[in-house]
Peer 1: 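This is the structure I want to talk about, given as structure tokens.
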There are 2 protein chains.
Amino acid sequence: MSPRKPSTKDLTKEMIINEAHKQFITKDFHQVSMRSIAKELGCSHGAIYYHFKNKAEIFYAILGDYFSELNNTLDETVNGPGDHNTKLLNVFVGYMAFGLNNQSQYELMFMIRDREIDGLSQEAANLSYEKFAQSVQSLSMTKLLISEIHSTFIALHGFVAHYRHYVKNYEEAKQAVDAHAKFLMKALT
Amino acid sequence: MSPRKPSTKDLTKEMIINEAHKQFITKDFHQVSMRSIAKELGCSHGAIYYHFKNKAEIFYAILGDYFSELNNTLDETVNGPGDHNTKLLNVFVGYMAFGLNNQSQYELMFMIRDREIDGLSQEAANLSYEKFAQSVQSLSMTKLLISEIHSTFIALHGFVAHYRHYVKNYEEAKQAVDAHAKFLMKALT
DNA sequence: CCTCCTTATTGACCAGTGGTTAATAATCAG
DNA sequence: CTGATTATTAACCACTGGTCAATAAGGAGG
């Protein structure tokens with residue numbers, strides 16, 4: 001009745017995710033194909049479908065870590081040193097830096113709304129936004145409108161969505177990031 | 001030496017563009033295929049390649065009109081009635097409305113930076129941005145920083161990029177559009 | 001050891017994509 | 001009618017995501 005021992009080193013979910021992740025760092029979702037993953041893993045692309053029901057599922061599995069990273073960055077900024085205004089500014093900078101340093105991932109996390117999301121990535125995105133909203137409110141001197149926080153988020157999102165075509169990482173857009181963060185500070189006070 | 005008369009009704013560039021445009025209204029760039037265009041036109045998809053060197057060229061040909069429309073909307077708002085502040089607000093609202101009412105087109109105009117742009121769409125996008133920047137400055141009471149105008153544009157872009165996943169047109173996001181426009185007004189004053 | 005059952009994997013297949021190209025049909029000029 | 005030019009087709013290429021019958025690999029029980 002017992003199944004085959006998983007100890008024998010066949011293809012594992014982990015191996016697939018690792019390989020997909022590896023390629024995902026330099027290519028985007030559409031450029032990483034099931035066949036390119038299989039080829040690098042030395043198996044047929046059909047085998048992958050035994051472990052994942054489709055391509056999206058592989059990449060959604062990867063995104064979990066990135067949502068965590070984004071949330072942690074947020075937490076660390078909020079709970080870190082400095083006055084409220086500085087922290088708030090750093091929350092903005094941190095968000096943009098994350099987006100620019102993880103462009104392929106950011107795209108899948110917040111930009112692609114592929115056919116029939118299982119709500120998987122969608123839910124995590126909403127959670128991240130909630131955390132962002134609460135952090136911004138807690139760091140603000142005054143009571144903010146929900147729409148103000150939302151507009152702020154959208155403005156940050158717009159920055160990442162725009163600059164990812166022109167820079168490879170945060171470093172290359174540092175000045176613009178700072179300016180945008182200050183612009184948003186002004187809008188909130 | 002003269003070629004065949006173009007008067008005979010074969011396949012024309014115009015017919016192809018019209019059909020592509022027609023499908024482009026309800027589907028996005030990736031969903032409209034050379035074969036779907038050819039099928040509707042009653043020709044083989046290979047024939048299209050005689051008139052256009054590739055798929056992108058067809059769609060870039062379409063975008064010209066949309067850039068014009070966007071620019072015209074901007075002009076009309078600036079030269080229309082109302083005080084400066086109201087006009088400025090309407091510039092913001094107009095931009096977002098355009099983006100939400102022409103989502104597929106907006107995507108190609110400002111979001112997709114496909115492999116090796118000929119600078120075709122890129123250039124038009126820059127021109128549109130320049131027009132926007134000048135309009136905003138001319139309507140503003142104070143001298144604005146370039147970075148402020150840029151941040152404003154990016155915030156508008158972010159709004160469209162975000163909301164296009166949730167609404168079908170401007171009407172459905174009217175409230176949020178207004179709030180966002182007011183938010184940006186606050187940031188600029 | 002041998003059979004049975006489960007799991008994991010292959011490779012052929014499907015329908016679709018953008019793009020190329022040799023052959024050919026259609027048309028015109030001389 | 002002949003020859004040149006243009007426009008079109010259909011077969012082809014190399015891809016994509018996805019499915020599935022056949023099968024290899026291994027463990028459990030007799």
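Throughout, a chain's letter reflects where its sequence line sits, starting with A, and its residues are numbered from 1.
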Peer 1: Take the C1' atoms of the five end pairs on each side of the helix from C:dC1-D:dG30 to C:dG30-D:dC1, derive the two axes, and give their angle rounded to 10 degrees.
Peer 2: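 Inter-axis angle at the termini of the helix from C:dC1-D:dG30 to C:dG30-D:dC1: 30°.
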Peer 1: Write down the distance between CD1 (A:I48) and C1' (C:dT9), rounded to a whole number of angstrom.
Peer 2: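 So the two atoms are 12 Å apart, to the nearest Å.
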Peer 1: Pick out which of A:N90, A:N72, A:L89 makes a side-chain contact (heavy atoms from CB on, under 4.5 Å) with A:T77.
Peer 2: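 Per the side-chain contact (heavy atoms from CB on, under 4.5 Å) rule, the option paired with A:T77 is A:N90, out of A:N90, A:N72, A:L89.
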Peer 1: In whole angstrom, what separates B:K13's NZ from D:dT6's P?
Peer 2: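 It works out to 13 Å between those atoms.
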Peer 1: Is the distance from the ring center of B:H157 to that of B:Y106 below 6.0 Å?
Peer 2: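 Ring centres of B:Y106 and B:H157 closer than 6.0 Å.
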Peer 1: List the protein contact pattern of nucleotides 13-23 of chain D with one symbol per nucleotide (5' to 3'): B for base contact, S for sugar-phosphate-only contact, - for none; contact means a heavy-atom distance under 4.0 Å.
Peer 2: ---BBBB----
Peer 1: Please tell me whether B:F29 and B:F24 form a close aromatic pair, meaning their ring centres lie under 6.0 Å apart.
Peer 2: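 Judged by ring-centre distance (under 6.0 Å), B:F29 and B:F24 do not meet the cut-off.
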Peer 1: List the atom of B:I48, the atom of B:M34, and the distance in Å for their closest heavy-atom pair.
Peer 2: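 Looks like CD1-O, 3.6 Å.
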Peer 1: If the cut-off is 4.0 Å, is A:Y50 near the phosphate of C:dT9, judged by side-chain N/O to OP1 or OP2?
Peer 2: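 Looking at the OP1 and OP2 atoms of C:dT9, neither is under 4.0 Å from any side-chain N or O of A:Y50.
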Peer 1: Do we see a donor-acceptor contact under 3.5 Å between the side chains of A:H180 and A:Y163?
Peer 2: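 The answer is no; no qualifying pair exists.
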Peer 1: For A:K39 and C:dG11, what is the distance between atoms NZ and P respectively, to the nearest whole Å?
Peer 2: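 Rounding to the nearest Å, NZ of A:K39 and P of C:dG11 are 15 Å apart.
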Peer 1: Under the side chain to side chain donor-acceptor pair (under 3.5 Å) rule, what do A:E19 and A:Q23 come out as? Steps first, then yes or no, please.
Peer 2: CA-CA 6 Å; A:E19 179 57 36; A:Q23 297 189 20; 2.8 Å; yes
Peer 1: Would you say the side chains of B:S68 and B:N71 form a donor-acceptor pair under 3.5 Å?
Peer 2: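 Per modelled atom types, B:S68 and B:N71 side chains form no pair under 3.5 Å.
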Peer 1: A:F110 and A:F67: aromatic ring centres closer than 6.0 Å?
Peer 2: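 Yes, the ring of A:F110 comes within the 6.0 Å limit of the ring of A:F67, centre to centre.
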